[in-house]
Structures are given as structure tokens and as C-alpha cells.
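Step one of this worksheet: look at the structure below.
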Amino acid sequence: MLKVENLQVSYGHREAVHNVSLRVEEGEIVTLVGSNGAGKTTTLKAISGLLRASGGTVSFDGERIDRLAPHQVIERGVVHVPEGRLLFPEMTVLEHLELGALRGRPGSMGFAERLRWVYDLFPVLAERHAQKAGTMSGGQQQMVAIARGLMANPKCLMLDEPSLGLAPIMVDTLADTIKSLHASGITVLLVEQRVDLALRLADRAYVLETGRVVMEEAAHTLLADPRIKTAYLGL
Ligand code: ATP
């Protein structure tokens with residue numbers, strides 16, 4: 001479904017991602033793991049069109065998307081929920097959801113129906129639809145960010161560090177949310193600092209190191225790999 005081949009991305013003259021290739025099949029949860037600065041966020045930004053690749057290709061459903069503008073990538077069904085949530089503190093929950101729906105992938109559900117679906121997934125957002133995002137807890141803000149992405153009707157949802165700053169109990173809720181999104185038919189590409197969490201949720205994983213893919217494995221294999229445990233799980 002999503003295919004990245006020999007992706008190169010630079011910041012100025014400095015190349016941060018070197019020849020990264022990966023694929024995400026329909027219905028999978030795939031995770032990118034690796035230490036800070038490994039190039040995970042940069043890879044997601046290049047897929048979603050927020051950064052221009054200097055080399056390589058990104059295709060989605062057989063179509064090249066690496067020269068499209070970010071809103072065109074969203075319209076194809078690839079939606080990026082960025083690290084740090086990037087909410088507008090003065091805007092309400094509902095206003096964020098309206099924004100998310102502005103440039104979505106056309107689908108069978110209208111705005112009202114989609115909103116109901118999102119509120120069913122996150123009942124607290126229905127209760128707090130008129131609350132300003134800036135006054136909500138970290139966990140609730142993460143729900144707003146994911147819900148905003150869902151309003152665009154994604155086929156493939158890319159989540160960047162969704163557990164960042166969440167209390168442990170909220171991390172469990174987040175894991176359940178990702179599972180139910182996946183069960184509803186959404187394909188997931190997950191970047192996550194909590195490697196144990198990522199590997200428990202994912203089917204397959206790519207390990208990135210200094211801008212390169214150094215390993216691709218079934219997630220359960222990596223979870224059982226002592227090298228990964230030492231290098232990334234701190235076990
Ligand atoms: P993190 O978990 O810390 O976000 P990451 O694996 O997502 O790590 P990236 O953020 O993609 O890594 O960073 C890859 C490399 O690109 C790093 O060396 C980083 O310093 C560099 N980099 C990231 N953003 C920029 C930027 N805006 N300008 C210049 N260099 C950047």
C-alpha cells in the first residue's frame with residue numbers, strides 16, 4: 001500500500017535520511033524504531049509531503065506521492081499525526097475536528113457521521129467539544145490530535161510519538177485506541193519512543209540508525225531479540 005524506496009532527505013546540505021526503503025501493506029501496523037535523531041520523524045515528514053525528498057520515491061496505492069503537496073497526500077488517504085500534537089491552544093475540540101475534515105479523503109461518511117464515529121472512539125471529546133485544546137490534559141490533547149487526523153478519513157494513519165508526555169494509564173488507553181483503529185480497517189505506521197509498546201502493537205518493525213534502516217523484522221521476533229532488548233529497550 002505504502003512503499004518508500006531509497007528515500008533521501010536533507011536539511012540544507014546535511015543528509016538526515018539515507019536510502020531508506022520500507023513498505024506498509026494494507027491492514028498492517030508497522031513501526032519505525034531507533035534512537036533520537038535516527039531519522040524517524042524526517043521519514044514521516046517526507047511521506048506526508050511536509051519535507052521534500054532529495055532522492056528516492058514514495059508511492060501509495062501504486063501512485064507516486066513524493067511530489068505532491070501535503071494536502072494532496074491527505075486527500076489520497078495518508079494522514080500524519082505529528083509529534084508534539086501541534087494543536088491550536090485557543091481553538092476548541094470541535095474546531096480542530098472541523099479543520100481535520102476540511103481536506104480529507106472523500107468517503108462514504110459525511111461530516112456528521114464521521115464526527116459521531118470519532119466521538120464514539122473518544123467519548124471525552126464529545127463531552128468537551130466546546131473546550132479550548134490548550135486547557136486539556138496531555139492525554140486528551142493527544143486524543144484531539146488523533147481525532148483531527150481521523151476526520152480526514154485516512155487509509156493509512158502515521159502516528160509520530162503518540163505516547164510522548166502521557167501518564168502511564170493514558171499510554172494503555174492509547175494502545176487500546178490504536179488497536180481499535182486498526183480493527184476498524186486503518187493501516188498504521190507508528191513511530192514510538194516506547195519501543196516495547198510499539199513492538200507489542202506492530203506486525204513488523206524497521207530499526208533506523210543514523211538515517212539508515214539497519215533491520216527489518218517481525219515485531220515479535222525483535223521483541224524476543226536480546227540485541228534489541230539491550231540496545232533499545234534498556235533491558
Ligand atoms: P526524534 O525521536 O528525536 O524525533 P528521529 O528519529 O525522529 O528522532 P529526526 O527528527 O528525523 O530523528 O532527525 C534526524 C536527523 O535530522 C537528526 O540528526 C536531526 O538532528 C536532524 N534534523 C531534524 N530536524 C532538523 C531540522 N529542522 N533542521 C536540521 N536538522 C534536523
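Atoms considered below: every heavy atom in the structure, side chains included; atoms not considered: hydrogens, waters and symmetry mates. Order of listing sets the numbers, starting from 1, for every ligand and every atom in it. Note that the structure is predicted; figures quoted are calculated from it, not measured.
- If you take CG on Leu99 and CZ on Arg148, they are separated by 7.5 Å, rounding to the nearest 0.5 Å.
- Applying the side chain to side chain donor-acceptor pair (under 3.5 Å) test to Glu127 and every residue at least two apart in sequence or in another chain returns nothing.
- In this view, His96 satisfies the side chain to side chain donor-acceptor pair (under 3.5 Å) rule with no residue, not counting sequence neighbours.
- Residues passing the side chain to side chain donor-acceptor pair (under 3.5 Å) test with Thr135, sequence neighbours excluded: Gln131.
- Pocket lining of ligand 1, defined as residues with a non-hydrogen atom under 4.0 Å away: Tyr11, Arg14, Ala16, Ser35, Asn36, Gly37, Ala38, Gly39, Lys40, Thr41, Thr42, Glu83, Glu161, Gln193.
- We find that Arg200 and Asp196 are joined by a salt bridge, their nearest charged nitrogen and carboxylate oxygen being less than 4.0 Å apart.
- Partner of Arg204 under the salt bridge (charged side-chain N to carboxylate O under 4.0 Å, His left out) criterion, chosen from Glu216, Glu25, Glu217: Glu216.
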